Amino acid sequence: MTTSEIERQECPLCSRPGPVLRYRFEDCAILRCRECGLMWLHPKPELEQLHKVYDEGYYQNKGFFQKDGNKLYGYVDYLAERINKQYDYQRVVGRVKKMLPEPAPGAGGPGRWLDVGCGLGFLMDVAFDQGFQVRGVEFNRSAIRYIQSKFTYPVDYGLVQELKFDGVFDVISLFDVIEHMSDPAGALRFLRGIMAPGGVCAIQTMDSDSLMSRLIGKHLEDFRRTREHLYFFSRRSLSRMLDETGWEVVDIRFVGHTFQIGDLIKRLSVYAGWIERLARILVRPRWLFEANVYINPGTKMMVYARPKPK
């Protein structure tokens with residue numbers, strides 16, 4: 001990628017030309033807008049390439065821990081992470097319920113929840129247990145088949161802005177999804193149109209400008225997922241996009257994840273192989289590898305937003 005080619009690129013958010021080259025990879029790069037700070041992948045994969053990523057192996061990727069960048073996508077074993085993920089989701093659903101208006105007498109629950117990029121349905125399952133009527137949207141057909149085999153929750157296939165919904169939703173969630181979207185602004189604008197007054201939109205994604213994200217740089221897992229991550233947001237750039245698509249940000253906070261210690265060590269060993277070798281020597285008793293720990297390194301953010309009055 002030449003300097004002149006970079007200078008011809010235009011920011012998808014603020015339209016300023018001439019971004020800077022932030023990170024270079026073998027066959028692509030991450031560019032950063034000089035004005036708003038949005039980062040994006042160039043060139044972006046075609047839709048056909050994305051379909052090859054979001055297949056039945058996405059949630060059980062045996063090559064996840066290999067240093068080959070082409071293998072870094074999806075999850076090591078998403079099914080094995082279910083308990084830990086749902087433990088973290090409980091906190092989010094509880095916080096969202098406190099942010100919603102009190103339901104009207106006889107309403108029968110806190111409202112309708114749309115989970116965009118619902119994966120295998122684990123967040124929907126938690127929200128359902130908390131009284132919500134849930135619905136999902138998913139781009140991976142194998143994930144939809146899994147949900148249909150385990151749950152009765154309705155799930156639509158495709159890009160959310162191309163779908164039709166009956167009525168509005170009280171909660172819309174996008175957990176580790178917005179960075180995958182080819183047109184995140186268009187999706188947010190569409191979602192604003194199906195959000196109930198006083199509703200809550202919860203977006204989880206990486207904070208590309210956080211201290212830890214900048215320290216780790218191109219070695220950070222979220223940056224290296226160049227087969228699937230198309231955009232990289234900071235608090236400033238995501239807040240601007242939300243503002244321009246009809247949303248008002250009400251809260252932003254760092255969020256972590258509950259890991260099994262053995263899996264966490266494997267993830268860290270991608271950055272430095274000696275970490276796993278040292279852990280095998282030092283960690284006693286061995287069952288500690290299967291224990292869980294909550295880690296918040298300050299690379300992920302949760303953004304809560306409400307629809308602006310029309």
Side-chain angles (χ1 to χ4, degrees), residues 50-65 73-97 108-160 162-167 169-181 187 191 194 200-205 225 227-228 255-260 262-264 267 290 292 294 300 302:
L50 293 174
H51 275 296
K52 292 180 180 178
V53 172
Y54 304 120
D55 60 8
E56 58 187 14
Y58 186 81
Y59 295 98
Q60 290 182 311
N61 181 3
K62 296 179 180 179
F64 186 90
F65 288 122
Y73 65 92
Y75 300 87
V76 181
D77 190 343
Y78 194 81
L79 287 170
E81 296 179 34
R82 175 174 180 172
I83 293 176
N84 285 341
K85 284 190 172 294
Q86 291 193 315
Y87 180 78
D88 294 334
Y89 293 157
Q90 290 280 358
R91 290 195 293 265
V92 176
V93 174
R95 184 172 295 119
V96 168
K97 288 182 74 172
R112 302 180 73 199
W113 187 307
L114 178 67
D115 188 20
V116 181
C118 61
L120 301 187
F122 299 160
L123 174 57
M124 288 196 296
D125 200 35
V126 173
F128 178 81
D129 284 344
Q130 293 288 328
F132 286 93
Q133 302 173 50
V134 297
R135 190 176 194 92
V137 175
E138 179 53 53
F139 191 67
N140 188 324
R141 290 188 184 276
S142 66
I144 295 177
R145 288 194 292 271
Y146 175 87
I147 292 173
Q148 291 172 339
S149 71
K150 301 292 182 181
F151 308 111
T152 58
Y153 313 139
V155 180
D156 297 286
Y157 168 79
L159 304 177
V160 66
E162 297 178 358
L163 301 174
K164 294 183 179 180
F165 298 94
D166 56 329
F169 294 88
D170 302 279
V171 183
I172 298 175
S173 53
L174 301 93
F175 282 21
D176 300 312
V177 171
I178 195 168
E179 64 270 22
H180 297 249
M181 291 179 162
L191 293 172
I194 59 170
V200 175
C201 180
I203 302 173
Q204 178 176 290
T205 188
R225 290 173 173 265
R227 291 190 64 186
E228 53 178 328
V255 292
H257 180 66
T258 301
F259 292 96
Q260 192 175 79
D263 286 342
L264 177 62
R267 286 176 182 269
E290 298 181 6
N292 295 322
Y294 179 80
K300 290 269 190 182
M302 182 72 77

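Quantities reported herein were computed from a predicted structural model and do not represent experimental measurements. Position 1 is the first residue of the sequence, and the numbers go up from there.
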(request) To the nearest 0.5 Å, tell me how far Gln204 CD sits from Glu179 CD. (result) 8.5 Å
(message) To the closest 0.5 Å, what do you measure between CG (Asn140) and CG (Leu50)?
(response) 11.5 Å
(request) To the nearest 0.5 angstrom, please state how far the CD atom of Gln148 sits from the CZ atom of Arg141. (result) 10.5 Å
Do any side-chain atoms of residues 116-133 form donor-acceptor pairs under 3.5 angstrom with protein atoms, and if so which ones, sequence neighbours left out?
residue	atom	partner	partner atom	Å
Asp125	OD1	Tyr153	OH	2.6
Asp125	OD2	Arg82	NH2	3.0
Gln130	OE1	Lys97	NZ	3.3
Gln130	NE2	Gln90	OE1	3.4

(request) Compare every heavy atom of Thr205 with every heavy atom of Asp176, then report the nearest pair and how far apart it is. (result) OD1-CA, 4.4 Å
(request) State, without any angle test, whether Glu228 and Tyr58 hold a side-chain donor-acceptor pair at a distance under 3.5 Å. (result) yes
(message) For Leu114, run the side-chain contact (heavy atoms from CB on, under 4.5 Å) check against Leu174, Val134, Leu191, Val171 and tell me which one passes.
(response) Leu191
(message) Run the side chain to side chain contact (heavy atoms under 4.5 Å, CB included) test on Trp113 and Val93 for me, step by step, so that the C-alpha distance in whole Å, both residues' side-chain angles and the decisive distance to 0.1 Å come before the verdict.
(response) CA-CA 10 Å; Trp113 187 307; Val93 174; 3.8 Å; yes
(request) Tell me, yes or no, whether the heavy-atom count around Tyr87 atom OH, taken from other residues, nucleotides or ligands under 6.0 Å, exceeds 12. (result) no
(request) For residues Lys85 and Tyr75, determine if any side-chain heavy atom of one lies less than 4.5 Å from a side-chain heavy atom of the other. (result) yes
(message) Could you report the tightest heavy-atom contact between Gly158 and Val137, atom names first, then the distance?
(response) O-CG1, 3.6 Å
(message) Applying side chain to side chain contact (heavy atoms under 4.5 Å, CB included) to Ile172 and Arg112, what does each step give before you reach the verdict?
(response) CA-CA 9 Å; Ile172 298 175; Arg112 302 180 73 199; over 6 Å; no
(message) Do the side chains of Asp88 and Arg91 get close enough for a salt bridge, i.e. N-O under 4.0 angstrom?
(response) yes
(message) For the CZ atom of Arg145 and the OH atom of Tyr157, what is their distance to the nearest 0.5 Å?
(response) 10.5 Å
(request) Taking all heavy atoms of Leu159 and all of Leu163, pick out the closest pair and write down the distance. (result) O-CG, 3.5 Å
(request) For residues His51 and Phe139, establish whether the separation of their ring centroids is below 6.0 Å. (result) yes
(request) Can you establish whether the number of heavy atoms outside Ile83 located under 6.0 Å from its atom CD1 is more than 12? (result) no
(request) Kindly say whether Tyr73 contributes a backbone atom to a donor-acceptor pair with the side chain of Asn61 at under 3.5 angstrom? (result) yes
(request) Could you tell me the separation between the OG atom of Ser142 and the OH atom of Tyr54, rounded to the nearest 0.5 Å? (result) 12.0 Å
(request) Evaluate the criterion side chain to side chain contact (heavy atoms under 4.5 Å, CB included) for residue pair Met302 and Ile203; output intermediate values, then yes/no. (result) CA-CA 6 Å; Met302 182 72 77; Ile203 302 173; 5.9 Å; no
(message) I need the minimum non-hydrogen distance between Val160 and Ala187, along with the two atoms involved.
(response) CG1-CB, 4.0 Å
(message) Going by the rule ring-ring contact (aromatic ring centres under 6.0 Å, His included), which residues pair with Tyr89 if we only count those two or more places apart in sequence or in a different chain?
(response) Phe175
(request) Output yes when a side-chain donor or acceptor of Arg135 lies under 3.5 Å from a complementary backbone atom of Phe169, and no otherwise. (result) no
(request) Measure the OG1-CD1 distance between Thr152 and Ile147 for me, rounded to the nearest 0.5 Å. (result) 11.0 Å
(request) Answer yes or no: does atom CD of Gln60 have more than 12 heavy-atom neighbours from other residues, nucleotides or ligands under 6.0 Å? (result) yes
(request) Using atom types as modelled and distance alone, determine if a side-chain donor or acceptor of Asp115 lies under 3.5 Å from a backbone N or O of Gly136. (result) no
